[in-house]
Participant: 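Have a look at this one before I ask anything.
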Amino acid sequence: MDKTADLFNIKYNAENLEDSTLLQLYKCMLKPRLIEEKMLILLRQGKISKWFSGIGQEAISVGVTLAMQQDEYILPMHRNLGVFTTRKIPLYRLFGQWQGKASGFTKGRDRSFHFGTQQYKIIGMISHLGPQLGVADGIALASKLKNTKEVTAVFTGEGGTSEGDFHEALNVASVWSLPVLFCVENNGYGLSTPTKEQYKCKNIADRALGYGMEAHIIDGNNIIEVYTKVKDIAESVRENPRPVLLEFKTFRMRGHEEASGTKYVPQELMDTWAKKDPLINFQSFLKNKGFLAEAEEVKIKKNIIHEINEHLDIAFKENNIISNETNELNDVYQKSIYQEFRCNSEAKETRFIDAISDALKQSMQKHNDLVIMGQDIAEYGGAFKITNGFIEEFGKDRVRNTPICESAIIEAAMGLSIAGIKSVVEMQFADFVTSGFNPLVNYLAKSYYRWNQNADVVIRMPCGGGVAAGPFHSQTNEAWFTKTPGLKVVYPAFPYDAKGLLATAINDPNPVLFFEHKALYRNTRQEVPVDYYTLPFGKASVLKEGNDVTIICYGAAVHWVLETLDKNESINADVIDLRTLQPLDTEAIYTSVKKTGRAIILQEDSLFGGMASDISALIMEHCFEHLDAPVKRVASMETPIPFDSQLEQQYLSKNKFEAALKSLLEY
Ligand SMILES: Cc1ncc(C[n+]2csc(CCOP(=O)(O)OP(=O)(O)O)c2C)c(N)n1
């Protein structure tokens, strides 16, 4: 029988497909359509809130999902209901998710399709659209490292391709030959912005050339074309790992969100594309060719509608979520039981920088799939030579030079974590973390709270001033992260602490920012055990004890405090080196302040919104009655960090500390 047809410019060719596959494709497309039709009614009745419609784009979600294997990851977007339904997520769970119920996937903490599920191998988006493209890189990297021969498919709209994440993700995937299908649904509009205001090239697929990547343009309204082409491409990528850019031409038939309307879309465009409806045309094709009898069609529809109603009923009947503050707070971080490793090995004098290098190397030996990534870290050994010699011992798969793509690499680290692999990312300088800020504070930090997916990632942050390196190589930017729930922040001042805390950071399943002050790298030495050991988070160290005043500090400032006290032997101070800022050892602070009645906090960062301010507030709130003087904060100037060393010395808080301390003692 002739299994081809041309309906409204949709050329169907089903010659290589089983009849049962054709029916499966149809049923899988019909289900999301019927769900949305039902939701439109419920929306009008005021029973549900708005969502992002995928009507007219079902062939892409369904075709891609069916072309993939069940255990391969898919990273869908806001219009990909068909991915979720085709992966057979029970509908009451989807409805529960949309209604913020417990049967959903986020315990009411996130909305619509913003969730992932390891059970169904679906990793949902965050609102920012782009970051998941790099996350797909990480998942694909894991599959390459484990040699599972699996493909990862990730979706974006054409609007999302204007984000930097898109370029970085494609570039990294191409340089590393990662098995990723980048699926761009080009549906004509990004919110109200037409494609001609979004990009200038003819086809988005043309961009692949610039990344040295293969690309295909696919009729996104033709389910057979989507399914067969993606199936073939996926098969070939499994055998020969590489990224492929797929541009699906389609159209957004409804407003950006229900029911925001489509006034800005010319009517003739709507009419043209209405004729190309992927579902109606495929149904006509199946009927014309005798694959779908009228009675069968009615039955299929009836069954799906029954299923939808039944599951909606379950979701509506489910009680609203009840939680409490403890519950919510307990889910910000994955529980990590601190494992203490002591070592009785000999100690030897070790520089700060070597302590970090040793911790990293010994952690690579202990966790034999731990991957480290960063610019110039392989043969070159990193900007500070911390990973010198690592590739000889661990190989280039595990010690990965990266392109200058901070966003994509932090996202890839997230992807590795999703696939069960730990990673450490080296920022060449802490300042450059801004180029990966979005995935860090929005994706890695929030994912455990949102859907219980941890980000087993350590970001190493060579930071700090005093080295005459100017405004972009000197910042100590811990305060950007200590205020973000979900991140842990470590900031050691001594080699012994640096080594033990880095080992703990790597063992911890949560995202940890590990600050390493560059000025300490080669200037601070200490006797440090040679073998592997860990130190706990959230435990400050009391370096000196005295009754006059509590001095609270961390990082290089600890050394500034000790120098000041060396010059002023008559001052009897408790010196608290915080070591970790999140978690913060408030107990150590309060105990000391209650004893001394005076507190001064020294930070290297400029004053406003820094650690010192919060610690000061905490002391006021918890120790007010014990205070004999106002709490003092000492911080650097409220300017960017100047380059010239005289200007820099003037900028740094180091020079203000002694006078501030004395004035506090005289109060
Ligand atoms: C970083 C960021 N900027 C802006 C938005 C607001 N926004 C959400 S969806 C969207 C349009 C996306 O267009 P496209 O990627 O083409 O996907 P489509 O909605 O057309 O499927 C915009 C502007 C956002 N979510 N994130």
Side-chain angles (χ1 to χ4, degrees), residues 32 36 49-64 74-84 110-115 124-136 153-170 182-201 203-205 207 217-218 220-221 226 245-266 269-270 273 278 406-408 410-411 434-446 450:
E36 285 211 49
S49 56
K50 64 192 185 182
W51 75 98
F52 300 93
S53 173
I55 287 181
Q57 298 179 221
E58 294 95 338
I60 305 165
S61 301
V62 170
V64 170
I74 304 184
L75 293 84
M77 289 294 289
H78 48 293
R79 296 191 200 287
N80 295 121
L81 173 57
V83 170
F84 297 84
D110 207 342
R111 56 188 198 152
S112 65
F113 293 119
H114 296 190
F115 69 92
M125 63 187 291
I126 66 164
S127 289
H128 298 69
L129 313 168
Q132 65 188 24
L133 295 152
V135 174
V154 59
F155 286 87
T156 180
E158 83 290 346
T161 69
S162 300
E163 291 189 53
D165 303 73
F166 175 80
H167 303 277
E168 291 195 14
L170 266 67
F182 291 101
C183 303
V184 180
E185 289 185 77
N186 191 343
N187 64 5
Y189 285 82
L191 214 156
S192 74
T193 306
T195 52
K196 69 174 189 305
E197 291 180 32
Q198 191 71 249
Y199 59 88
K200 191 82 175 170
C201 49
N203 301 298
I204 284 174
R207 293 186 189 165
I217 294 177
I218 295 175
N221 284 31
V226 174
L245 178 59
L246 303 174
E247 180 178 2
F248 298 95
K249 303 280 191 190
T250 185
F251 200 72
R252 199 192 70 203
M253 294 305 294
R254 306 211 42 98
H256 171 63
E257 61 192 352
E258 289 302 344
S260 62
T262 52
K263 263 194 198 147
Y264 45 85
V265 183
L269 256 184
M270 295 298 284
W273 282 93
E406 282 79 4
S407 260
I410 290 173
E411 290 157 9
T434 38
S435 294
F437 194 68
N438 180 37
L440 189 47
V441 300
N442 283 317
Y443 206 128
L444 279 68
K446 296 177 177 41
R450 291 168 56 243

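Remember, it's 1-based here, ligands and their atoms both numbered in the order they're listed. When a residue number appears, it is its place in the shown sequence, counting from 1.
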Participant: Between Val64 and Val83, is there a side-chain heavy-atom distance shorter than 4.5 Å?
Facilitator: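 SC-SC contact between Val83 and Val64 ruled out.
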Participant: Considering only non-hydrogen protein atoms, determine which one is nearest to atom 1 (C) of ligand 1 and report residue, atom name and distance to 0.1 Å.
Facilitator: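 Residue, atom and distance for the closest contact: His128 O, 3.8 Å.
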Participant: Please state which protein non-hydrogen atom is closest to atom 11 (C) of ligand 1 and give its distance, to 0.1 Å?
Facilitator: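 Answer for atom 11 (C) of ligand 1: Leu191 N, 3.6 Å.
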Participant: Go through ligand 1 atom by atom and flag the ones less than 4.0 Å from a non-hydrogen atom of Asn187.
Facilitator: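 Atoms satisfying the 4.0 Å criterion: 18 (P), 20 (O), 21 (O).
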Participant: With the side chain counted from C-beta on, respond yes when His114 and Met125 share a heavy-atom pair under 4.5 Å apart, and no when they do not.
Facilitator: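 His114 vs Met125: side chains touch.
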Participant: Would you mind running through ligand 1 and noting each atom that sits below 4.0 Å from a heavy atom of Ser127?
Facilitator: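 Close to Ser127: 24 (C), 25 (N), 26 (N).
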Participant: Of all the non-hydrogen atoms in the protein, which one sits nearest to atom 18 (P) of ligand 1, and at what distance?
Facilitator: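 Going atom by atom, the protein heavy atom closest to atom 18 (P) of ligand 1 ends up being Arg79 NE, 3.4 Å.
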Participant: Which residue and atom name correspond to the protein heavy atom nearest atom 15 (O) of ligand 1, and how close is it?
Facilitator: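 In this structure, atom 15 (O) of ligand 1 has Gly160 N, 2.8 Å as its nearest protein heavy atom.
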Participant: In terms of ring plane angle, is the pair Phe182 and Phe166 parallel, tilted or perpendicular, where the classes change at 30° and 60°?
Facilitator: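 It falls in the perpendicular class, over 60°.
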Participant: With respect to Gln57, determine whether any N or O atom, backbone or side chain, lies less than 3.5 Å from an N or O atom of ligand 1.
Facilitator: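 N/O-N/O distance below 3.5 Å does not exist for this pair.
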Participant: Does Thr156 reach ligand 1, in the sense of a heavy atom lying below 4.0 Å from it?
Facilitator: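 Thr156: no contact with ligand 1 (<4.0 Å).
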Participant: Please, which pairs that meet salt bridge (Lys or Arg N to Asp or Glu O under 4.0 Å) have at least one residue in residues 159-168, sequence neighbours excluded?
Facilitator: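 Those involving residues 159-168 do not exist here.
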Participant: Glu163 versus ligand 1: do any nitrogen or oxygen atoms come within less than 3.5 Å of each other?
Facilitator: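 No, since none of the N or O atoms of Glu163 sits under 3.5 Å from an N or O of ligand 1.
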Participant: Taking all non-hydrogen atoms of both residues, which atom of Thr262 and which atom of Gly255 are closest, and how far apart?
Facilitator: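 Scanning both residues completely, I find the closest heavy atoms to be CG2-N, 3.4 Å.
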Participant: Is there side-chain contact between Lys249 and Asn203, with heavy atoms separated by less than 4.5 Å?
Facilitator: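 Side chain of Lys249 against side chain of Asn203, heavy atoms only: contact under 4.5 Å found.
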Participant: Given Ser53, Ser192, Gly255, Gly157, which has its nearest heavy atom closest to atom 17 (O) of ligand 1?
Facilitator: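 Among Ser53, Ser192, Gly255, Gly157, the closest heavy atom to atom 17 (O) of ligand 1 belongs to Gly157.
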Participant: Below 4.0 angstrom from a heavy atom of His78, which ligand 1 atoms are there? Numbered from 1 as shown, please.
Facilitator: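 Those atoms are 17 (O), 18 (P), 19 (O), 21 (O).
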Participant: Looking only at heavy atoms, what is the nearest atom pair of Phe155 and Pro76, with distance?
Facilitator: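 That closest heavy-atom pairing would be CD1-CA, 3.8 Å.
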Participant: Going by atom type alone, with no hydrogens or angles, which donor-acceptor pairs under 3.5 Å involve a side-chain atom of residues 189-198 and a protein atom two or more places apart or on another chain?
Facilitator:
residue, atom, partner, partner atom, Å
Gln198, OE1, Ser162, OG, 2.8

Participant: Examine the side chains of Thr250 and Asn187 and answer whether a donor and an acceptor come within less than 3.5 Å of each other.
Facilitator: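 Thr250 vs Asn187: no donor-acceptor pair found between side chains.
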Participant: May I ask you to check whether Arg207 and Thr161 show a side-chain donor-acceptor distance below 3.5 Å?
Facilitator: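 Judged by distance alone, the side chains do pair up.
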Participant: Would you say atom 3 (N) of ligand 1 makes contact with the protein, given that contact here means a non-hydrogen protein atom less than 4.0 Å away?
Facilitator: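 For atom 3 (N) of ligand 1 the answer is no, since every protein heavy atom stays at 4.0 Å or beyond.
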Participant: Please give me the minimum heavy-atom distance between Met270 and Met253, naming the atom from each residue.
Facilitator: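 Closest pair (atom of Met270, atom of Met253, distance): CE-O, 3.1 Å.
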Participant: Can you tell me which residue and heavy atom of the protein come closest to atom 13 (O) of ligand 1, and the distance to 0.1 Å?
Facilitator: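 Nearest neighbour among protein heavy atoms for atom 13 (O) of ligand 1, to 0.1 Å: Gly190 CA, 3.3 Å.
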Participant: What is the closest protein heavy atom to atom 16 (O) of ligand 1, and at what distance does it sit?
Facilitator: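 Answer for atom 16 (O) of ligand 1: Gly159 N, 2.8 Å.
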Participant: Which ligand 1 atoms does Tyr189 reach within 4.0 Å, using its non-hydrogen atoms?
Facilitator: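 Every atom of ligand 1 under 4.0 Å from some heavy atom of Tyr189: 16 (O), 20 (O).
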Participant: Looking only at protein heavy atoms, which one is nearest to atom 10 (C) of ligand 1, and what is the separation?
Facilitator: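 Ranking protein heavy atoms by distance from atom 10 (C) of ligand 1, first comes His256 CE1, 3.7 Å.
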Participant: Where is the nearest protein heavy atom to atom 5 (C) of ligand 1: which residue, which atom, and how far?
Facilitator: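 Here the nearest protein heavy atom works out to Leu129 CD1, 4.6 Å.
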